[in-house]
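Structure, as structure tokens:
Protein chains get the first letters and strands the later ones, always in sequence-line order, with residue 1 at the start of each.
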Number of protein chains: 2
Amino acid sequence: MSSGVVRYHGLVANIHDVARKAGVSATTAKRAIRDPDKLAAGTLERVRAAIEALHYEPDQVASALRSGRTTTVGLIIGSIVEPFFAELTRAIVHDVRSRGYSVVIADNEYRSDVEAAHLHTFNGNRVSGLILRSAYDSGNLPYLERMRARGVAIVEVDYFVPGSPLSHVLLDNAGAVEAGVAHLVAHGHRRIAALGSFHRTLNPDERVQTFPLALARHGIPLPAAYVRAVSPTAWDAYSLTLDLMRVAEPPTALFSITGSMAGGAYRALRHLGLRVPQDVSLLSFDDYAWMELVTPAIDSLAQPVETMGRAAVRLLFEQMRLGADAPVERLRFPAELIVRGSVAAPSR
Amino acid sequence: MSSGVVRYHGLVANIHDVARKAGVSATTAKRAIRDPDKLAAGTLERVRAAIEALHYEPDQVASALRSGRTTTVGLIIGSIVEPFFAELTRAIVHDVRSRGYSVVIADNEYRSDVEAAHLHTFNGNRVSGLILRSAYDSGNLPYLERMRARGVAIVEVDYFVPGSPLSHVLLDNAGAVEAGVAHLVAHGHRRIAALGSFHRTLNPDERVQTFPLALARHGIPLPAAYVRAVSPTAWDAYSLTLDLMRVAEPPTALFSITGSMAGGAYRALRHLGLRVPQDVSLLSFDDYAWMELVTPAIDSLAQPVETMGRAAVRLLFEQMRLGADAPVERLRFPAELIVRGSVAAPSR
DNA sequence: CCTACGGATGGACTCGTGGCCATAACGTAG
DNA sequence: CTACGTTATGGCCACGAGTCCATCCGTAGG
């Protein structure tokens with residue numbers, strides 16, 4: 001009581017308490033849990049009774065220190081309230097937990113300084129693995145490489161830092177953008193704006209970067225007036241849409257880079273009194289439940305979230321099993337175009 | 001290398017490596033971090049340089065074992081993809097992290113057997129605190145009380161197990177239901193159905209239990225045909241709504257107990273060709289972004305999610321500070337009725 | 001009757017850090 | 001010059017479990 005250390009003793013039982021109660025040694029008591037067939041039937045029974053009586057549960061902290069490995073995996077996503085990440089999180093948490101590991105979660109708000117703090121915490125807690133949706137800049141790459149060298153398994157999801165040597169699980173963004181643009185062009189659109197950030201260094205987003213190329217493939221130019229740098233939030237999409245619809249030659253179709261940006265755009269269009277799809281067509285990434293509830297329902301490029309989450313976990317545990325010998329794997333999954341009626345021929 | 005233990009040595013530096021590199025003892029090296037003013041300037045500088053060079057970061061696992069306290073808090077919610085819980089999670093995670101603690105997350109799917117597994121994991125990992133949205137039945141209460149006796153701080157949110165002696169943070173469900181019913185009655189509705197589970201023991205939900213009482217206050221009976229036992233999901237709300245609208249005297253207004261149930265109901269009404277609010281009025285708990293996007297926008301009872309999350313964290317850290325002396329606190333927060341146009345006078 | 005062997009059990013040491021106590025060097029008051 | 005306090009530093013053990021090695025005992029084979 002004078003040591004300043006929190007004393008569980010008497011509050012929470014350890015293996016020695018169990019051993020004492022059962023009248024055996026600590027080693028024997030432990031064997032009742034780890035390899036019970038090595039014990040005599042009577043001993044096993046006595047130890048089991050003691051475990052039951054004392055409500056003994058092995059201290060994972062001590063186990064982690066001694067064994068050098070935790071059963072904890074870190075997950076860093078962009079934002080917990082973005083439904084895409086919520087679904088991804090659910091898939092990952094369930095899969096990881098079914099493998100006997102726990103998940104510690106944090107979100108980086110797409111900022112690498114916030115991410116850095118999380119990485120230090122995870123590293124200090126000696127997580128066995130890390131799944132992360134990196135912030136846009138590559139400032140944490142050296143730190144990630146040191147964690148990797150230390151034996152921590154790492155998989156990037158949804159995005160990867162340019163130049164990253166890590167395994168990742170991504171959507172086939174280029175293919176999805178091509179398909180989306182083709183969908184809009186097929187309805188006769190030639191003035192198409194993407195709702196997303198065009199800041200090349202701040203947000204080097206594949207979708208936005210593919211967009212002008214996809215347009216060019218159809219002989220369509222991207223007006224400078226359609227190019228802005230915004231953050232991928234519903235709020236920024238709202239004001240971006242207001243701006244876009246007020247330029248000299250406003251777009252006849254909007255292509256939203258994320259599901260929540262589509263929500264912002266939708267609100268902006270309604271506030272402007274513009275009808276979808278009569279006045280403006282709308283196409284979005286992600287397939288959120290509300291997109292089916294609005295009138296008309298929104299065309300979207302659905303991501304196989306569950307599949308991607310499982311793939312990330314699979315790669316992670318492969319790395320944890322193989323260590324430094326694990327191959328670098330880059331997986332891409334295709335989006336699925338869901339047509340509901342928010343894209344129609346442009347008026348005029 | 002023959003010990004079978006994962007050897008970090010050489011891979012990750014510990015305080016002894018730092019001490020050796022700086023030419024001091026481990027105790028001195030540690031002081032460079034914990035109380036630097038006790039060191040001579042030159043020594044401090046040398047240790048700092050060694051820490052820098054070796055990328056030393058204290059092992060939280062060893063620290064936790066020795067000190068008897070972790071800087072980890074567990075969070076158990078109903079479902080990560082339910083936006084209410086996503087927002088609650090964000091509020092809690094941010095607040096907890098700002099206090100220097102990490103959050104481990106799990107969802108119980110409202111099932112106490114799933115919850116039990118999570119509790120064992122958290123307990124084994126020696127979390128300092130636990131915030132949970134309990135499953136409906138009280139099967140884990142004895143276990144929770146043992147954790148509490150062991151010194152783990154526990155706060156229930158959004159719901160509490162009947163008979164629970166734990167602190168909690170809840171919505172003023174009764175008041176919200178009264179306000180919602182009053183809102184509907186003021187528009188002339190007398191045939192009102194609640195979308196929620198009426199199973200008294202399986203889902204002893206305050207909102208559903210208050211509902212008949214609130215109706216009675218206005219002299220309105222609750223037809224037996226409106227009472228069903230369903231799970232609080234969009235899917236169940238969908239089929240429940242289909243059923244309700246087909247009874248002899250269908251309701252003229254629906255009162256949804258959760259935001260995602262309102263989504264299911266909305267889809268069902270559209271599939272039935274019923275217009276909101278001309279044919280059926282709709283009122284819902286939770287204020288989700290999509291409720292503003294549909295036509296008409298949905299009236300809702302918004303929960304102060306951020307406030308509730310912060311309150312839960314505050315109670316938790318109070319308990320962690322005061323230990324067994326911490327008072328049991330039961331907090332209630334009022335819902336806010338947001339009127340948008342999905343409630344109107346019933347036809348006929 | 002002695003030895004060998006295998007099954008059952010116990011002991012000792014270790015993981016990295018936290019806390020306490022000891023020690024050395026140096027200055028100051030008596 | 002001694003006694004004592006202060007400052008700067010080092011040594012040691014414990015937290016609870018994992019791993020290796022040692023020991024004890026009974027039995028079967030010679």
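Between the CG atom of D59(A) and the P atom of dA14(D) there is a distance of 18 Å, rounded to whole Å. For the pair L11(A) CG and dG16(D) P, the computed distance is 11 Å after rounding to whole Å. Here dC15(C) presents its P atom at 16 Å from CD1 of I15(B), a figure rounded to the nearest Å. Whole-Å rounding puts the L65(A) CG to dC15(C) P distance at 9 Å. Taking atom CZ of residue R69(A) and atom C1' of nucleotide dG18(D), one finds them 13 Å apart after rounding to whole Å. What separates CZ of R66(B) from C1' of dT17(C) is a distance of 8 Å, to the nearest Å. A straight line from NE2 of H16(B) to C1' of dC13(D) spans 12 Å, rounded to a whole angstrom. Remark: P of dG11(D) and CZ of R20(B) are 13 Å apart, rounded to the nearest angstrom.
Note on residues 30-44 of chain A: no pairs pass side chain to side chain donor-acceptor pair (under 3.5 Å), not counting sequence neighbours.
Comment: R99(B) engages D95(B) in a salt bridge, judged by a side-chain N to carboxylate O separation of less than 4.0 angstrom. Salt bridge status for E318(A) with R314(A): present, with a side-chain N to carboxylate O gap under 4.0 Å.
Among the atoms of the strands shown, only primed sugar atoms or phosphate atoms (P, OP1, OP2) are found under 4.0 Å from some heavy atom of V24(A).
Between V104(A) and V73(A), every side-chain heavy-atom pair lies at or beyond the 4.5 Å cut-off. At least one side-chain heavy atom of L331(B) sits less than 4.5 Å from a side-chain heavy atom of L315(B). Side chains of H55(B) and R146(A) form a contact here, defined as non-hydrogen atoms less than 4.5 Å apart. Using a 4.5 Å cut-off on side-chain heavy atoms (C-beta onward), D158(A) and F85(A) make contact.
Comparing the local axis fitted to the first five base pairs of the helix from dC1(C)-dG30(D) to dG30(C)-dC1(D) with the one fitted to its last five gives a bend of 70°, rounded to 10°.
Ring geometry for Y136(A) versus Y159(A): interplanar angle over 60°, hence perpendicular rather than tilted (30 to 60°).
OP1 or OP2 of dT9(D) lies within a sub-4.0 Å distance of a side-chain N or O belonging to T43(B). Side-chain N/O atoms of S63(A) include one lying less than 4.0 angstrom from OP1 or OP2 on dG18(D).
I92(B) CD1 to R97(B) CZ: the interatomic distance, rounded to the nearest 0.5 Å, is 14.5 Å.
Between L44(B) and A62(B), the residue anchored closer to the 5' end of DNA chain D is L44(B), taking for each the nucleotide with the nearest heavy atom.
For residues 26-39 of chain A, proximity to DNA chain D is found at K30(A), R34(A), defined as any non-hydrogen atom under 4.0 angstrom from a strand atom.
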